[in-house]
Visitor: 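This is the structure I have questions about; it appears just below.
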Amino acid sequence: MVIVMKNNAAPEQVRKVVEWIESVGYKAHLSQGVERTLIGAIGDGRGKEQIQAMVCLPGVEKVVPILKPYKLASREFKPTDTVVRVGGLEIGGPRLIVMAGPCTVESEEQLMESAYVVKKGGAHILRGGAFKPRTSPYSFQGMEEEGLRLLKKAGERTGMPVVTEVMNTTEVDLVEEYSDILQIGARNVQNFALLKKVGQARKPVLLKRGMMTTLEELLMSAEYVLSAGNTRVILCERGIRTFETATRNTLDLSAVVVLKECSHLPVIVDPSHATGHWKYVTPLARAAVAVGADGLLIEVHPEPEKAICDGIQSLRPEKFYQLMDDVSLLERTLRKEVQKLP
Ligand code: PEP
Ligand code: MN
């Protein structure tokens, strides 16, 4: 249920409404818009009548039920776009944000070179895995804490925030200490214990769609993070499994428009894991920008033929520079706001 306050509602009236919500055993979540305050009342449905009766309280304009199973992630709860701020960047703002780097941190040299390459190309955020979810237990599992240390160093050297995956509840504090955005990978999108744990973190969460999750399920996963108190969630479409085998996954570009319609959260696209081949990455990155994605996640490697993981889908530096030229041209053409910027 959303309690819509009148636009001249006093802070005292908002406080009273919050108290009421909590007194019926519901949780109150405030969404302070420019014009008015909305208060989400989230509970198991038992105090429903009392919440509906709150329309009688001073300062309340109306009480609206949220019909979708996800509440805090819904547009009904927050009609305006959420902008996730990280180190001076705005994800979900007027500019396209590019996160780029190798699939996995392999060595200091490889990571530093990758970081300088993506920075030179105009990327905003450095990506790289230190804890890797691998299908085979015999594959390289990541450099773990040493990898996190290198990521932090590379981020600081190049002036980029860092996004990296966390796979386990017991490693959230550690990953949070070294990174700026916590990535929840496709394979953990419904690891509810992990979602609850990153919901308590102070860093934003990049939530990747699972290969078999519907958009509603993805938003329910986002709801776990939001309801635990972390409002900084970024959604990522990274391809889903279909009958098609020509590409590693099938990039569902309609996810971007559907998610943006149903939710206020920023949406980025990862064409690297979606297609699984470097030659498809740039065309689909262009398509993602055209469809309105707030950002891109791109795998880049200085020497893809030597990559330990996902070399086939990694762009070599010149290809990445070309991608950045293409998408920035598109961005300027498509987004009027950007044309106003210097
Ligand atoms: C990754 O970003 O390196 C990764 C493993 O992605 P996904 O979880 O989408 O497969
Ligand atoms: Mn990868």
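Below, all heavy atoms of this structure are taken into account, side chains as well, without hydrogens, waters or symmetry copies. Remember, it's a predicted structure, so these values are computed and weren't measured experimentally. For ligands, and for the atoms within them, numbers begin at 1 and follow the listed sequence. Throughout, numbering of the chain's residues begins at 1 and tracks the sequence.
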Visitor: Is it the case that Asp310 and His273 place a side-chain donor and acceptor less than 3.5 Å from each other?
Guide: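 The criterion, which ignores hydrogens and geometry beyond distance, is satisfied for His273 and Asp310.
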
Visitor: Take every heavy atom of Lys132, measure it against each atom of ligand 1, and state whether any distance is under 4.0 Å.
Guide: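 Yes, that is the case, since the closest heavy atom of the residue is under 4.0 Å from the ligand.
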
Visitor: Considering just N/O/S atoms, say which atom of Asp310 is closest to the Mn ion (ligand 2).
Guide: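 Asp310's closest N, O or S atom to the Mn ion (ligand 2) is named OD2.
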
Visitor: To check you understand the geometry: which heavy-atom pair defines the closest contact between Tyr70 and Cys262, and what is its length?
Guide: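 Taking Tyr70 first and Cys262 second, the nearest heavy atoms are OH-CB, 3.3 Å.
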
Visitor: Would you say Leu235 ends up clustered with Val83 if hydrophobic residues are merged whenever their side chains have heavy atoms under 4.5 Å apart, either directly or through other cluster members?
Guide: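 No, because Val83 and Leu235 fall into different hydrophobic clusters, even though each may have its own neighbours under 4.5 Å.
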
Visitor: Short list, please: which atoms of ligand 1 are under 4.0 Å from a heavy atom of Arg187?
Guide: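 Those atoms are 7 (P), 8 (O), 10 (O).
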
Visitor: Please report whether ligand 1 has a polar contact with Glu165, defined as an N or O pair separated by less than 3.5 Å (distance criterion only).
Guide: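 By distance alone, the answer is no.
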
Visitor: With a 4.5 Å cut-off on side-chain heavy atoms, are Arg241 and Asn249 touching?
Guide: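 Contact flag for Asn249/Arg241 side chains = yes.
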
Visitor: Counting only heavy atoms, tell me which of Gln313, Met167, Arg209, His273 gets closest to atom 4 (C) of ligand 1.
Guide: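 Minimum heavy-atom distance to atom 4 (C) of ligand 1 goes to His273.
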
Visitor: Pair Lys153, Glu156 - check salt bridge (charged side-chain N to carboxylate O under 4.0 Å, His left out), show working.
Guide: CA-CA 5 Å; Lys153 189 169 165 187; Glu156 281 169 0; over 6 Å; no

Visitor: Is Cys103 close enough to the Mn ion (ligand 2) to have an N, O or S atom under 2.8 Å?
Guide: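 Yes - counting backbone and side chain alike, Cys103 has an N, O or S atom under 2.8 Å.
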
Visitor: Identify the protein heavy atom lying closest to atom 6 (O) of ligand 1, giving its residue, its atom name and the separation to 0.1 Å.
Guide: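 That would be Lys208 NZ, 2.9 Å.
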
Visitor: Can you name the closest pair of heavy atoms from Val17 and Val60 and give their distance?
Guide: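 So the two residues come closest at CG2-CG2, 3.7 Å.
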
Visitor: What N/O/S atom of Glu299 is the closest to the Mn ion (ligand 2)?
Guide: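 Closest to the Mn ion (ligand 2) among those atoms: OE2.
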
Visitor: I'd like to know if the side chain of Asn230 reaches the main chain of Lys203, judged simply by a donor and an acceptor atom lying under 3.5 Å from each other, with no hydrogens or angles considered.
Guide: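 Checking the backbone N and O of Lys203 against the side chain of Asn230, a donor-acceptor pair under 3.5 Å is found.
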
Visitor: Can you name the atoms of ligand 1, numbered from 1 with element, that are less than 4.0 Å from a heavy atom of Gly185?
Guide: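 Under 4.0 Å from Gly185, ligand 1 has these atoms: 8 (O).
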
Visitor: Same cluster for Leu111 and Met160 if Ile/Leu/Val/Met/Phe/Trp/Tyr side chains link at under 4.5 Å?
Guide: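 Same cluster: Leu111 reaches Met160 through Ile, Leu, Val, Met, Phe, Trp or Tyr contacts under 4.5 Å.
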
Visitor: With respect to Arg238, determine whether any N or O atom, backbone or side chain, lies less than 3.5 Å from an N or O atom of ligand 1.
Guide: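 Yes, at least one N or O pair falls under 3.5 Å.
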
Visitor: With nothing but distance in play, are any N or O atoms of Ala186 less than 3.5 Å from an N or O of ligand 1?
Guide: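 Ala186 vs ligand 1: N/O contact under 3.5 Å present.
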
Visitor: Hey, any chance Tyr321 and Leu126 share a hydrophobic cluster, counting ILVMFWY side chains that come within less than 4.5 Å of each other, even indirectly?
Guide: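 Yes, Tyr321 connects to Leu126 through the hydrophobic network.
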
Visitor: For ligand 1 and Arg127, I'd like to know whether there is a polar contact (N/O to N/O, distance under 3.5 Å).
Guide: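 By distance alone, the answer is yes.
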
Visitor: Of all N, O or S atoms in His273, which has the smallest distance to the Mn ion (ligand 2)?
Guide: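 In His273, the heteroatom (N, O or S) nearest the Mn ion (ligand 2) is NE2.
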
Visitor: Which ligand 1 atoms, with their elements, are less than 4.0 angstrom from a heavy-atom of Glu299?
Guide: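 Heavy-atom distances to Glu299 below 4.0 Å select 3 (O).
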
